[in-house]
Amino acid sequence: MPELPEVDTIVRTLRPDLTGAEILAADVRWTRTLATPSAKKFKEQIRGQKILHVARRAKFIHIILSADSLFVHLRMSGDLFIKEGGYKPGKHDRLLLDLSAPRSENFKLVFNDARKFGRVWLTDDPDLVVGGLGPEPLSDEFTPQWLYENLRAHNRRLKPLLLDQAFLAGLGNIYTDESLHMARLHPLTASASVSRAQAARLYEAIRAVLTEGIRRNGASIDWAYRGGEFQNYFRVYDRAGRPCPVCGTQIQRLVVGQRGTHICPKCQTWKRQP
DNA sequence: CACGAGACCTGTTCGC
DNA sequence: TGCGAACAGGTCTCGT
């Protein structure tokens with residue numbers, strides 16, 4: 001569910017409460033939620049550590065502790081909540097941390113994840129988790145020139161390449177469809193065929209779409225989400241059969257790389273490679 | 001290297 | 001109303 005803007009929103013929401021808190025205990029309710037280490041080691045190792053900072057890297061929530069890094073990836077259905085100290089675990093709560101803060105009651109950080117795809121890592125080596133990721137699309141490292149050169153360096157279709165976190169880190173299904181539409185590029189376009197001008201358009205579109213997503217506190221579909229409202233501004237995502245906001249043509253749904261994909265067939269044309 | 005299929009999971013929505 | 005199929009914001013692994 002959550003892509004870069006949604007994760008960013010969660011991080012901004014949690015940061016004030018979590019920063020400075022001490023972890024008193026961990027309750028692991030679904031063992032496979034832990035990517036590493038084992039539940040036993042996790043509980044021993046995390047107890048007593050303080051939360052120094054809460055950050056985001058791509059779609060990972062990065063909680064910097066006194067001695068380790070705690071990473072959370074929400075995958076499709078994960079979410080993180082703050083609950084009061086007396087909170088009792090609900091059906092889909094997979095991991096709970098008991099916390100104490102200097103000038104407030106004890107509270108809990110709850111990882112809730114209906115589909116159990118989400119994962120948590122506790123490690124002293126961040127590269128073990130995020131070392132293989134591509135650049136952050138909102139960082140200075142990501143430039144039109146970088147995008148042009150690296151699109152040309154692969155021979156892949158645009159959409160699966162943009163979804164590849166080792167290529168560029170943070171886009172998911174929604175923001176990829178939105179970016180491609182804004183850039184007027186078809187998701188099946190061969191990356192190596194993209195011109196400088198098209199790459200520049202795609203660069204601007206990715207930055208614009210992610211920035212707007214963050215400004216609107218992400219998109220809220222199915223789950224109530226920090227008041228996010230980007231879902232009200234989708235151009236094509238989940239809008240099959242409705243008019244393209246640019247030209248009015250009916251938006252089509254197709255499948256690319258096994259992902260539902262939404263395009264305007266008039267704005268986003270595609271010349272099959274000879 | 002690129003790609004499709006299947007796996008991992010549960011819940012909701014859609015069509016009959 | 002019931003019931004199975006299709007689908008869902010993500011990523012990994014395997015075979016071609």
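Below, chains carry the letters A, B, ... as their sequence lines are ordered, and counting in each starts from 1.
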Undergrad: Using atom P in both nucleotides, what's the gap between dG11(B) and dT1(C) to the nearest angstrom?
TA: 22 Å
Undergrad: Which of the following nucleotides, dG11(B), dC9(B), dT11(C), is nearest to the side chain of Q165(A)?
TA: dT11(C)
Undergrad: Among dG9(C), dG11(B), dG10(C), which is the nearest nucleotide to the side chain of Y237(A)?
TA: dG9(C)
Undergrad: Do any side-chain nitrogens or oxygens of H154(A) fall under 4.0 Å of OP1 or OP2 in dA2(B)?
TA: yes
Undergrad: How are the rings of F60(A) and H73(A) set relative to one another: parallel (under 30°), tilted (30 to 60°) or perpendicular (over 60°)?
TA: perpendicular
Undergrad: Both distances below 3.5 Å, Watson-Crick or wobble geometry, any strand: find the nucleotide opposite dC8(B).
TA: dG10(C)
Undergrad: Can we say K159(A) and D177(A) salt-bridge, meaning some charged N sits less than 4.0 Å from an Asp/Glu carboxylate O?
TA: yes
Undergrad: Give me the ring orientation class for F167(A) and H154(A): parallel if the planes are under 30° apart, tilted from 30 to 60°, perpendicular past 60°.
TA: perpendicular
Undergrad: For R32(A), answer base if it contacts any base atom (sugar-phosphate contacts may also be present), sugar-phosphate if it contacts only those atoms, and nothing otherwise; contact means non-hydrogen atoms under 4.0 Å.
TA: sugar-phosphate
Undergrad: Take atom CG of N112(A) and atom C1' of dG9(C), then tell me their distance rounded to the nearest Å.
TA: 15 Å
Undergrad: Hey, mind stepping through D27(A) and K108(A) against salt bridge (Lys or Arg N to Asp or Glu O under 4.0 Å) and telling me if it holds?
TA: CA-CA 10 Å; D27(A) 180 4; K108(A) 298 187 189 229; over 6 Å; no
Undergrad: Does the structure show F117(A) stacking with dT11(C), if we require the centres to be closer than 5.5 Å and the planes to be within less than 30 degrees of parallel?
TA: no
Undergrad: Before accepting this row, confirm whether a basic side-chain N of the pair D8(A)/R56(A) lies closer than 4.0 Å to the acidic partner's carboxylate O.
TA: yes
Undergrad: Ignoring the backbone of A219(A), work out which of dG9(C), dG11(B), dG10(C) is nearest its side chain.
TA: dG9(C)
Undergrad: What nucleotide, of dG11(B), dG9(C), dG4(B), holds the atom closest to the side chain of E3(A)?
TA: dG9(C)
Undergrad: Which part of the nucleic acid does Y175(A) contact within heavy-atom distance under 4.0 Å: base, sugar-phosphate only, or nothing?
TA: nothing
Undergrad: May I ask you to verify if any side-chain N or O of R259(A) is less than 4.0 angstrom from the OP1 or OP2 atom of dG9(C)?
TA: yes
Undergrad: Specify whether F142(A) and Y203(A) have parallel, tilted or perpendicular ring planes, treating 30° as the upper limit for parallel and 60° as the lower limit for perpendicular.
TA: tilted
Undergrad: Quick one: L80(A) CG to dG9(C) P, roughly how many Å, whole number?
TA: 20 Å
Undergrad: Closer to the 5' end of DNA chain B via nearest nucleotide, is it Q258(A) or N155(A)?
TA: N155(A)
Undergrad: Between L163(A) (CG) and dC3(B) (P), how many Å, whole number?
TA: 12 Å
Undergrad: Could you state the CG-P distance from L188(A) to dC3(B), rounded to the nearest angstrom?
TA: 10 Å
Undergrad: So, OP1 or OP2 of dC9(B): does either fall under 4.0 Å of a side-chain N or O from H92(A)?
TA: no
Undergrad: For atom P, what is the distance between dC3(C) and dC9(B), given to the nearest Å?
TA: 26 Å
Undergrad: For a quick test of reading the model: is some side-chain N or O of K116(A) closer than 4.0 Å to OP1 or OP2 of dC8(B)?
TA: no
Undergrad: How long is the line joining CE of M76(A) and C1' of dA6(C), in whole Å?
TA: 13 Å
Undergrad: To the nearest angstrom, how far is K159(A) atom NZ from dA2(B) atom P?
TA: 19 Å
Undergrad: Return yes if the base of dA8(C) and the side-chain atoms of R115(A) contain a donor-acceptor N/O pair under 3.5 Å, otherwise no.
TA: yes
Undergrad: How close or far is atom C1' of dG9(C) from atom CG of D79(A), stated in whole angstroms?
TA: 12 Å
Undergrad: Heavy atoms only: give me the nearest P5(A)-R12(A) pair and the separation to one decimal.
TA: O-NH2, 4.5 Å
Undergrad: Could you state the atom-to-atom distance from CZ of R119(A) to C1' of dG9(C) in whole Å?
TA: 16 Å
Undergrad: Does a side-chain N or O from K59(A) land closer than 4.0 Å to OP1 or OP2 of dG10(C), or not?
TA: yes
Undergrad: Taking atom P in both dC14(B) and dG9(C), what distance in whole Å separates the two?
TA: 15 Å
Undergrad: Out of dG9(C), dG11(B), dG4(B), which has the shortest distance to the side chain of A114(A)?
TA: dG11(B)
